[in-house]
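One structure is given below, encoded as structure tokens.
Just so you know, residue 1 is the first one in the sequence shown, and it goes up from there.
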Amino acid sequence: MSHPLDHATAAPSTLPSYLQQDNLGPWGVYLQQVDRVEPYLGNLARWVETLKRPKRTLIVDVPILMDNGTIAHYEGYRVQHNISRGPGKGGVRFHQDVTLSEVMALSAWMSIKNAAVNVPFGGAKGGIRVDPKKLSQGELERMTRRYTSEIGIIIGPNKDIPAPDVNTNEQIMAWMMDTYSVNQGSTATGVVTGKPLDLGGSLGRREATGRGVFTVGVEAARHIGMEISGARIAVQGMGNVGGVAAKLFAHAGARVVAAQDHGGTIYRAEGFDVPALLAHVAEAGTVAGFAHAERMNNHEFWSVDCDILIPAALEQQITASNAGIIKARMIIEGANGPTTPEADDILQDRNILVLPDVIANAGGVTVSYFEWVQDFSNFFWSEDDINARLVRIMKEAFGAVWEVSQDKKVSLRTATFIVGCTRILHAREMRGLYP
Ligand code: NAD
């Protein structure tokens, strides 16, 4: 007997106003990306509205006592975009420019990414609108703990598992794990990933995203006949993702010729000594002032002579205004959402291959998945095991996306969305509508 849902179609509906972003914010960019994939979803397209509405959106007030005796209030968010395939999973960002639109988009990209690499998670993301560099260590800890307690009603090892993102790290994950555990009365290591090793963290997690960026970069280079040895690389963001990617590419014989971060831009035609550059960043907090390089104007970074460009900082860095001057043959998106849809079109017209965030930076969440599995089983794997499994998953996922893109003659971004959205909406359809 057929079920009424078998014949259901998407009813015309209007998104609530806070979900309509007039294509300006990151959520608007994500909506445009979904529109591009819709024609390839076949019958599953009737469920596509699911992807345009986050499942849960929580906004919390985070009041803390400052060192000077005043009380400050910060705005915090946790968004679970989709949990059809498993618990929510995604990082927590502390940044003065965090907005609800940004957190919603980042949570949605997590849904697509987790489905694209086929880890059993939905997508989620969180953040606090704060410049953490202006807080003392005590203030940072109090803010992290209060935020964790406020979002405690929707997170948990089987519900939603936060992780580090911009300006959050192992220490912050340790405080989050402790706060959640104290509130519920027993130690729950699996509530966050990206923890210190002694608290149930995983070997290889810190380097995982950069390693994934490197792995898909090498695979894509192989497909287009580009040699990594000798390739010139420009990297925006020398943090967890960009720094590790730069190190691995340099180790493979590439030349990292330009680097930009919040403090400035540097250039060296022969390539930097990357370990020395990373040591400088660790000490000075920025690439600026690195002795063995020339200073470069921030705008010039985008037109620098290079073969591979790796944006690994923030969203919406490659736009209609700079996509036309990029000289790279390939862009590997270490950051989430660094390229706007208009820029995507310009890059495609110019034959520049874009390896999209939703596959290129999935290495972090893949090893987060390994960490979560290890915490549940209390059995910890060797770093070699972890790296080998990571590389295998990234290569397989990238290979599948590459095939879809060749078969359907679409960009790698649309191909990754096709793979990810199909998996999510198929799960959605099989679960059915309740009631
Ligand atoms: P991080 O805090 O370690 O590093 C961020 C870097 O961006 C720093 O070098 C900083 O100086 C630079 N930056 C900040 N503002 C800038 C600006 N205005 N112009 C140029 N550079 C600027 O963060 P991260 O963990 O390396 O994350 C970077 C990006 O990668 C983010 O988009 C994040 O969402 C994404 N990402 C991170 C992970 C992860 O595992 N850490 C996983 C997937 C995606």
Starting from the C-alpha separation in whole Å, work towards a yes-or-no answer on side-chain contact (heavy atoms from CB on, under 4.5 Å) for D97 and L314.
CA-CA 10 Å; D97 298 331; L314 299 172; 5.8 Å; no

Stepwise side-chain contact (heavy atoms from CB on, under 4.5 Å) test for T422 and L41
CA-CA 7 Å; T422 301; L41 295 176; 3.8 Å; yes

Take V358 and E333, measure what side-chain contact (heavy atoms from CB on, under 4.5 Å) needs, and give me the verdict at the end.
CA-CA 8 Å; V358 276; E333 294 185 339; over 6 Å; no

Checking I128 against V98 for the side-chain contact (heavy atoms from CB on, under 4.5 Å) test, could you report, in this order, the C-alpha distance in whole Å, the side-chain angles of both residues, the deciding distance, and whether it holds?
CA-CA 7 Å; I128 305 182; V98 164; over 6 Å; no

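Aromatic pair Y30/H81: ring centres closer than 6.0 Å.
A donor-acceptor contact closer than 3.5 angstrom links the side chains of N298 and T265. Judged by distance alone, the side chains of S202 and Q374 do bring a donor and an acceptor atom under 3.5 Å apart. Residues S368 and R205 bring a donor and an acceptor atom of their side chains to less than 3.5 Å of each other.
Judged purely by atom type and a 3.5 angstrom limit, N114 has no side-chain atom pairing as donor or acceptor with the backbone of V119. A distance-only check finds no donor-acceptor pair linking the side chain of N82 to the backbone of G122 [under 3.5 Å]. Put simply, the side chain of D345 never gets that close to the backbone of E342: no donor and acceptor are under 3.5 Å apart. With R206 contributing its side chain and N240 its backbone, the two residues share no donor-acceptor pair below 3.5 Å. For K89 (side chain) and I161 (main-chain N/O), a donor-acceptor pair under 3.5 Å exists by modelled atom type. The closest donor-acceptor contact from the side chain of R36 to the backbone of R413 lies at 3.5 Å or more, if one exists at all.
Surrounding CG of N43 are at most 12 heavy atoms belonging to other residues, nucleotides or ligands under 6.0 Å away. E227 CD: 12 or fewer foreign heavy atoms inside a 6.0 Å radius. The number of heavy-atom neighbours closer than 6.0 Å to NE2 of H262, taken from other residues, nucleotides and ligands shown, is above 12. In the displayed structure, R295 atom CZ is contacted under 6.0 Å by at most 12 heavy atoms of other residues, nucleotides or ligands.
Between I172 and P164, every side-chain heavy-atom pair lies at or beyond the 4.5 Å cut-off. Using a 4.5 Å cut-off on side-chain heavy atoms (C-beta onward), N158 and F376 make contact. Side-chain atoms of W402 and E219, non-hydrogen and from C-beta on, never get closer than 4.5 Å to each other. Between Q236 and P338, every side-chain heavy-atom pair lies at or beyond the 4.5 Å cut-off. Using a 4.5 Å heavy-atom threshold, the side chains of R423 and V419 count as touching. At a threshold of 4.5 Å between non-hydrogen side-chain atoms, the residues E102 and R129 do not count as touching. Residues R428 and L44 have side chains not in contact (no heavy-atom distance under 4.5 Å, counting atoms from C-beta outward).
A salt bridge (charged side-chain N to carboxylate O under 4.0 Å, His left out) with D160 is found for exactly one of R56, K55, R78, namely R78. Shown are T416, D357, N336; of these, the side chain to side chain donor-acceptor pair (under 3.5 Å) with K113 is made only by N336.
Aromatic ring pairs are classed by plane angle as parallel below 30°, tilted from 30° to 60° and perpendicular above 60°; the pair Y369 and W372 is tilted. Y147 and F94 have perpendicular rings, their planes meeting at more than 60° on a 0 to 90° scale where under 30° would count as parallel.
Taking both residues in full, the closest heavy atoms of A234 and V304 are given as CB-CG1, 3.8 Å, listed atom of the first, atom of the second, then distance.
D307 has no carboxylate O lying under 4.0 Å from a charged side-chain N of R255, or vice versa, which leaves the two without a salt bridge.
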